[in-house]
Amino acid sequence: MNVAPGLFISFEGIDGAGKSTHIAALADAFKAQGRAVTLSREPGGTPLAEKLRTLILNDVMDPLTEALLIFAARRDHLTTVIAPALARGDVVLCDRFTDATFAYQGGGRGFDLEVLSKLELWAQAAQGLGRDFVHELGRKGAAPAIVQPDLTVWFDLAPEEAAQRLAGARVPDKFEIQPVEFFRRVARGYADRMAQDPARFARIDAARARENVWHAVYQVFAEKGWLP
Ligand SMILES: Nc1ncnc2c1ncn2[C@@H]1O[C@H](COP(=O)(O)OP(=O)(O)O)[C@@H](O)[C@H]1O
Ligand SMILES: Cc1cn([C@H]2C[C@H](O)[C@@H](COP(=O)(O)OP(=O)(O)O)O2)c(=O)[nH]c1=O
């Protein structure tokens with residue numbers, strides 16, 4: 001049995017909020033503590049899910065098709081990467097997870113939240129993820145029916161500021177070309193998700209200089225006793 005239980009941490013926020021900047025630094029901080037780290041992202045994280053990512057980020061499709069592909073990618077990611085990593089006791093740092101679906105497809109696109117909740121129950125069912133994994137989940141308390149991150153770090157930034165940061169930084173995908181109003185709805189989607197499960201979330205004010213944001217992020221992990 002592993003000494004420390006696996007940790008599943010997701011990072012969320014509108015495009016350009018500054019997530020990617022801090023995920024690699026957190027990985028280094030955990031490795032410095034002797035923890036094995038699995039870095040991943042959604043949509044993606046497996047060969048199949050990365051193929052689906054290319055479709056999701058580039059092809060025009062109806063909202064249900066988009067949601068189904070996102071959850072299909074998520075199930076593959078969960079079964080082949082996340083659950084085995086957590087069963088080994090790894091720290092899994094994932095650039096986006098299901099809150100992004102509620103924020104972008106639910107908030108941004110206005111897709112039916114009840115349908116998303118049903119897909120979440122199916123795609124994230126702990127059943128079928130293996131005995132080692134269910135045992136590992138059980139070490140943290142009663143094993144839940146569905147897999148959710150232990151912590152979700154939400155980088156909260158005004159859409160206008162995120163757009164300014166992204167201007168010229170990279171070639172925009174299907175979501176990044178959306179107008180500011182879309183990202184206002186995405187941000188409201190994140191706020192609604194946090195309101196439903198506040199204990200899982202840490203909201204970071206991302207409108208500050210990079211080193212101040214890093215300090216705030218690190219503080220969250222230190223307060224949980226996960227980093228010194
Ligand atoms: N605190 C900050 N202040 C100003 N610019 C930032 C800050 N954090 C990140 N950036 C820059 O903003 C852009 C988007 O950051 P990135 O980490 O890629 O965001 P995300 O992964 O959330 O889309 C990058 O060009 C990055 O260098
Ligand atoms: C995980 C997920 C991402 N997305 C969108 C948000 C982002 O615009 C895009 C890819 O996210 P991301 O990897 O953060 O983009 P980048 O590599 O450009 O930093 O996919 C959804 O719409 N729904 C989802 O469930």
Side-chain angles (χ1 to χ4, degrees), residues 10-27 39-46 49-78 81-82 93-111 113 115-117 119-120 123-124 148-149 152-180 182-183 185-187 189-190 193 203-218:
S10 65
F11 299 84
E12 298 284 0
I14 60 173
D15 293 271
K19 290 172 287 105
S20 312
T21 303
H22 300 287
I23 295 174
L26 277 170
L39 272 179
S40 203
R41 68 167 182 183
E42 290 214 343
T46 72
E50 290 290 331
K51 285 187 202 164
L52 293 174
R53 176 188 174 96
T54 303
L55 300 175
I56 293 160
L57 297 194
N58 297 296
D59 291 36
V60 176
M61 57 188 77
D62 93 279
L64 176 58
T65 307
E66 187 171 279
L68 289 168
L69 290 182
I70 287 170
F71 275 109
R74 183 160 298 135
R75 182 67 185 176
D76 189 57
H77 190 206
L78 205 46
V81 172
I82 297 176
L93 302 179
C94 194
D95 190 340
R96 301 189 182 281
F97 196 63
T98 304
D99 300 308
T101 315
F102 281 82
Y104 279 78
Q105 280 62 50
R109 294 231 190 278
F111 187 65
L113 295 176
V115 174
L116 293 183
S117 296
L119 293 174
E120 180 184 31
Q124 288 159 239
Q148 289 290 16
T152 296
V153 184
W154 171 31
F155 291 78
D156 192 14
L157 184 67
E160 292 82 358
E161 197 160 335
Q164 262 180 13
R165 286 185 188 178
L166 279 186
R170 59 189 182 225
V171 180
D173 62 34
K174 190 174 101 183
F175 296 101
E176 287 167 345
I177 57 166
Q178 295 292 325
V180 157
F182 176 88
F183 288 104
R185 293 196 299 273
V186 173
Y190 278 126
R193 275 294 269 189
R203 180 189 158 277
I204 301 290
D205 172 6
R208 297 170 287 178
R210 218 177 295 242
E211 54 275 22
N212 295 339
V213 175
W214 167 248
H215 181 73
V217 171
Y218 192 94

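This chain uses plain numbering: 1 for the first residue, then up along the sequence. We count ligands from 1, going down the list as the structure has it; atoms in each ligand are counted the same way.
For atom 3 (C) of ligand 2, the nearest non-hydrogen atom of the protein is Pro43 CD, 3.5 Å. Shortest contact from atom 19 (O) of ligand 1 to any protein heavy atom: Gly18 N, 3.1 Å. The protein heavy-atom contact nearest to atom 12 (P) of ligand 2 is Arg96 NE, 3.4 Å. Given atom 5 (C) of ligand 2, the protein heavy atom at minimum distance is Phe175 CD1, 3.7 Å. Looking from atom 7 (C) of ligand 2 to the surrounding protein, the closest heavy atom is Asp15 OD1, 3.3 Å. Atom 25 (O) of ligand 1 has its closest protein heavy atom at Ala169 CB, 3.9 Å.
Under 4.0 Å from ligand 2, the heavy atoms of Leu57 that appear belong solely to its side chain. Under 4.0 angstrom from ligand 1, there are no non-hydrogen atoms of Glu12. Counting heavy atoms under 4.0 Å from ligand 1, residue Ala162 does not touch it at all. Residue contacts with ligand 2, taken as heavy atom pairs separated by less than 4.0 Å, involve Ile70 solely via side-chain atoms from C-beta onward. Neither the backbone nor the side chain of His22 comes within 4.0 Å of ligand 1, counting heavy atoms alone.
Using cut-offs of 30° and 60° for the angle between ring planes, the Tyr190 and Tyr104 rings count as perpendicular.
Every atom of ligand 2 is numbered from 1 in the order shown, and the set under 4.0 Å from a heavy atom of Lys19 is 14 (O). Those atoms of ligand 1 that come under 4.0 Å of a heavy atom in Ala209, given as number and element, are 1 (N). Atoms of ligand 2 found under 4.0 Å from any heavy atom of Thr101, numbered from 1 in the order shown, are 24 (C), 25 (O). Every atom of ligand 2 with a heavy atom of Glu176 under 4.0 Å away is listed here by number and element: 18 (O). Near Arg170, the atoms of ligand 1 lying under 4.0 angstrom from a non-hydrogen atom of the residue are 18 (O), 23 (O). Atoms of ligand 1 found under 4.0 Å from any heavy atom of Thr21, numbered from 1 in the order shown, are 9 (C), 15 (O), 16 (P), 17 (O). Listed by number with element, the atoms of ligand 2 under 4.0 angstrom from any heavy atom of Arg74 are 1 (C), 25 (O). Each of the atoms 19 (O), 22 (O) of ligand 1 lies under 4.0 Å from some heavy atom of Ala17. For ligand 2 and Ala100, the ligand atoms under 4.0 Å from any heavy atom of the residue are 1 (C), 2 (C), 23 (N), 24 (C), 25 (O).
A salt bridge does not link Arg193 with Glu12: every distance from a Lys NZ or Arg NE/NH1/NH2 to an Asp or Glu carboxylate oxygen is 4.0 Å or more.
Comparing heavy-atom distances from atom 3 (N) of ligand 1 across Glu176, Arg41, Glu161, Arg165 singles out Arg165 as nearest.
Below 3.5 Å of separation, one finds no N or O of Glu42 facing any N or O of ligand 2. Of the N or O atoms in Asp95, none lie within a sub-3.5 Å distance of an N or O in ligand 1. Among the atoms of Arg210, some N or O lies under 3.5 angstrom from an N or O of ligand 1. Ligand 1 has a nitrogen or oxygen under 3.5 angstrom from a nitrogen or oxygen of Gly16. Remark: ligand 2 and Gln105 share an N or O pair separated by less than 3.5 Å (distance only, no angle test). Of the N or O atoms in Ala206, none lie within a sub-3.5 Å distance of an N or O in ligand 1.
Contact annotation: Arg53 has at least one heavy atom less than 4.0 Å from an atom of ligand 2. Under a 4.0 Å heavy-atom criterion, Lys174 is not in contact with ligand 2.
Looking at Arg96, Glu50, His77 one by one, the single match for side-chain contact (heavy atoms from CB on, under 4.5 Å) with Arg41 turns out to be Glu50.
Looking only at side-chain heavy atoms (C-beta outward), His22 and Phe155 come within less than 4.5 Å of each other. Met61 is listed as a side-chain neighbour of Leu69, based on a closest heavy-atom distance under 4.5 Å. In this structure the side chain of Phe11 never reaches within 4.5 angstrom of the side chain of Asp99, judged on heavy atoms.
With hydrogens and angles ignored, the 3.5 Å screen pairs no side-chain donor or acceptor of Gln178 with any backbone N or O of Phe175.
Checking atom 6 (C) of ligand 1 against the protein gives a heavy-atom contact under 4.0 Å.
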